[in-house]
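Here the structure comes first, spelled out in structure tokens, and everything after it is commentary.
Excluded from the calculations below are hydrogen atoms, water molecules and symmetry mates; all remaining heavy atoms, backbone and side chain alike, are included. Fair warning: this is a prediction, and the values are worked out from it, not measured in the lab. Reminder, nothing fancy here: chain letters follow the sequence lines and each chain counts from 1.
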Number of protein chains: 2
Amino acid sequence: MSLPHPDADQITLPAVLAALGDDTRLAIIGCLARSDAITGLVCGQLCGLTSKTNLTYHVAKLREAGVINVRPEGTRRRVTLRREDLDNRFPGFLDTVIASAIDLPLVDITLRQLHEAVQD
Amino acid sequence: MSLPHPDADQITLPAVLAALGDDTRLAIIGCLARSDAITGLVCGQLCGLTSKTNLTYHVAKLREAGVINVRPEGTRRRVTLRREDLDNRFPGFLDTVIASAIDLPLVDITLRQLHEAVQD
DNA sequence: TCAATTGTTCAATGAATTTTGAACAAGGAT
DNA sequence: ATCCTTGTTCAAAATTCATTGAACAATTGA
């Protein structure tokens, strides 16, 4: 049940770009950006995007690239964006990605609010 | 005989991410970033990266995504980064990409070739 | 204990991407 | 004109990536 994550300083942009160069994974990022920045989501809440099995695959890709954190929580997996690590490593990058991953007119939380939520 | 380029406002980040999520294409970006920003490079100066045929393929990918501009120049193709368009569309994004593409170990183009490239 | 929930693993398939070589086209130089 | 250089096109092959289903594992709750 070990879920290996790269350390913040091991995150490379080529790997991040490869992970984000896919529509399904970009959609996952969009969902996470819209969700509560702190609690994140569990995989089941992302299943509208693809099948359960396939979601495991894409979530692993994002985790291995250092884009998301996946924490076991009982039988679930709590998924959060590694916002702080990515902001430190590549300032501004994640904001740009999120802005285009959120393709909705109805956004229930603004980017600024997301930022502030993380600071607390 | 001009090649099709997307207008600046037609450039989408998902397409750009897909284009940059590849090591060969990132290496091309690295070479262009090191070259003279105005004159750019011709394809032949990038051939250390891959075969001539394959280069045509990757350069087309980058062009179609709106990352580079390709201008016919006699029998050559002058390749430049679309810095301004990308900076306007996704502020800071290209700088971040370049910072990590600039020192890709994958590039086996020699220093001499680079020198000639910049002077040309 | 038993059943339901949540997600993983594995092997196989399908699909898309990347790479290659041969033949070709266009422009420049001699 | 004829070569030479530079790059393209096309079809095929190689490779990588994404998707699926069946069987499994771990946890929770009745």
Side-chain angles (χ1 to χ4, degrees), chain A residues 1-5 14-32 35 39-65 67-80, chain B residues 1-5 14-29 31-32 35 39-65 67-80 104 106-109 113 116-117 120:
Chain A
M1 152 168 339
S2 65
L3 293 174
H5 293 77
V16 170
L17 290 171
L20 297 180
D22 174 274
D23 287 341
T24 300
R25 294 194 286 270
L26 221 40
I28 292 174
I29 300 306
C31 287
L32 290 174
S35 76
T39 66
L41 294 172
V42 293
C43 288
Q45 296 171 310
L46 296 166
C47 268
L49 299 174
T50 178
S51 69
K52 211 170 48 164
T53 308
N54 195 219
L55 194 59
T56 297
Y57 169 77
H58 286 299
V59 164
K61 284 270 183 188
L62 289 168
R63 172 178 52 77
E64 288 160 8
V67 179
I68 62 176
N69 186 276
V70 185
R71 180 172 73 258
E73 205 174 68
T75 172
R76 301 180 171 181
R77 303 290 180 269
R78 179 68 52 177
V79 181
T80 52
Chain B
M1 203 251 197
S2 55
L3 301 156
H5 293 76
V16 170
L17 290 171
L20 297 179
D22 174 274
D23 286 341
T24 301
R25 292 192 288 268
L26 261 189
I28 292 173
I29 300 305
C31 286
L32 290 174
S35 76
T39 65
L41 295 170
V42 293
C43 288
Q45 294 169 315
L46 296 166
C47 267
L49 299 175
T50 178
S51 68
K52 210 171 48 163
T53 310
N54 196 220
L55 193 60
T56 298
Y57 168 78
H58 285 297
V59 164
K61 284 270 182 189
L62 290 168
R63 171 178 52 77
E64 288 159 8
V67 179
I68 62 176
N69 185 276
V70 185
R71 174 168 33 97
E73 205 174 68
T75 173
R76 300 180 171 182
R77 303 289 180 268
R78 179 69 51 177
V79 181
T80 53
L104 277 190
L106 190 133
V107 186
D108 62 42
I109 187 172
Q113 285 175 315
E116 293 168 353
D120 179 26

Quick one: [X] [atom1] to [N] [atom2], roughly how many Å, whole number?
X: A:Glu64; N: D:dA18; atom1: CD; atom2: C1'; value: 14 Å
X: B:Lys52; N: C:dA23; atom1: NZ; atom2: C1'; value: 11 Å
X: A:Leu46; N: C:dG7; atom1: CG; atom2: C1'; value: 13 Å
X: B:Arg63; N: D:dG7; atom1: CZ; atom2: C1'; value: 13 Å
X: A:Leu55; N: D:dT20; atom1: CG; atom2: C1'; value: 14 Å
X: A:Asp23; N: D:dT19; atom1: CG; atom2: P; value: 10 Å
X: A:Asn54; N: D:dA18; atom1: CG; atom2: C1'; value: 6 Å
X: A:Leu26; N: D:dA18; atom1: CG; atom2: P; value: 13 Å

Taking only N and O in the side chain of [X], is any of them less than 4.0 Å away from OP1 or OP2 of [N]?
X: A:Arg76; N: D:dT28; answer: no
X: A:Ser51; N: D:dT20; answer: yes
X: A:His58; N: D:dC17; answer: no
X: B:Arg77; N: D:dG7; answer: no

Checking contacts here: which listed nucleotide ([options]) is nearest the side-chain heavy atoms of [X]?
X: B:Thr56; options: C:dT20, D:dT19, D:dT8; value: D:dT8
X: A:Val42; options: D:dT20, C:dG7, C:dG21; value: C:dG7
X: A:Lys61; options: D:dA18, D:dT27, C:dT20; value: D:dA18

Taking the side chain from [X] and the backbone from [Y], do they hold a donor-acceptor pair closer than 3.5 Å?
X: A:Arg63; Y: A:Pro4; answer: yes
X: A:Arg25; Y: A:Ala19; answer: yes
X: B:Arg76; Y: B:Cys43; answer: no

A:Glu73 vs A:Gly21, nearer the 5' end of DNA chain D by closest nucleotide
A:Gly21
Please figure out whether A:Thr53 or A:Ala18 has its closest DNA chain D nucleotide nearer the 5' end.
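Taking each residue's closest nucleotide, the earlier one in sequence belongs to A:Ala18.
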Between the two ends of the helix from C:dT1-D:dA30 to C:dG27-D:dC4, what is the bend in degrees, rounded to 10 degrees, where each end axis spans five pairs?
30°
Please find the pair of heavy atoms, one from B:Val16 and one from B:Ala65, that lie closest to each other, and give the distance.
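The answer is CG2-O, 3.7 Å.
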Testing the basics here: between B:Asp22 and B:Thr24, what is the closest heavy-atom pair and its distance to 0.1 Å?
OD1-N, 3.0 Å
side-chain contact (heavy atoms from CB on, under 4.5 Å), that's the test. Do B:Leu32 and B:Thr80 meet it? Break it down for me.
CA-CA 7 Å; B:Leu32 290 174; B:Thr80 53; 6.0 Å; no
Taking N and O atoms by type only, does the side chain of B:Thr75 place a donor or acceptor under 3.5 Å from a partner on the base of D:dT6?
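Answer is yes: a donor-acceptor pair is held.
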If we check side chain to side chain contact (heavy atoms under 4.5 Å, CB included) with B:Val59, which of these qualifies: B:Leu3, B:Val67, B:Asn54, B:Val70?
B:Val70
May I ask you to say what A:Arg25 touches in the nucleic acid, namely base, sugar-phosphate or nothing, with a heavy-atom cut-off under 4.0 Å?
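Sugar-phosphate, backbone atoms only, no base.
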Using side-chain heavy atoms (C-beta onward) and a distance below 4.5 Å, is A:Leu55 in contact with A:Ile28?
yes
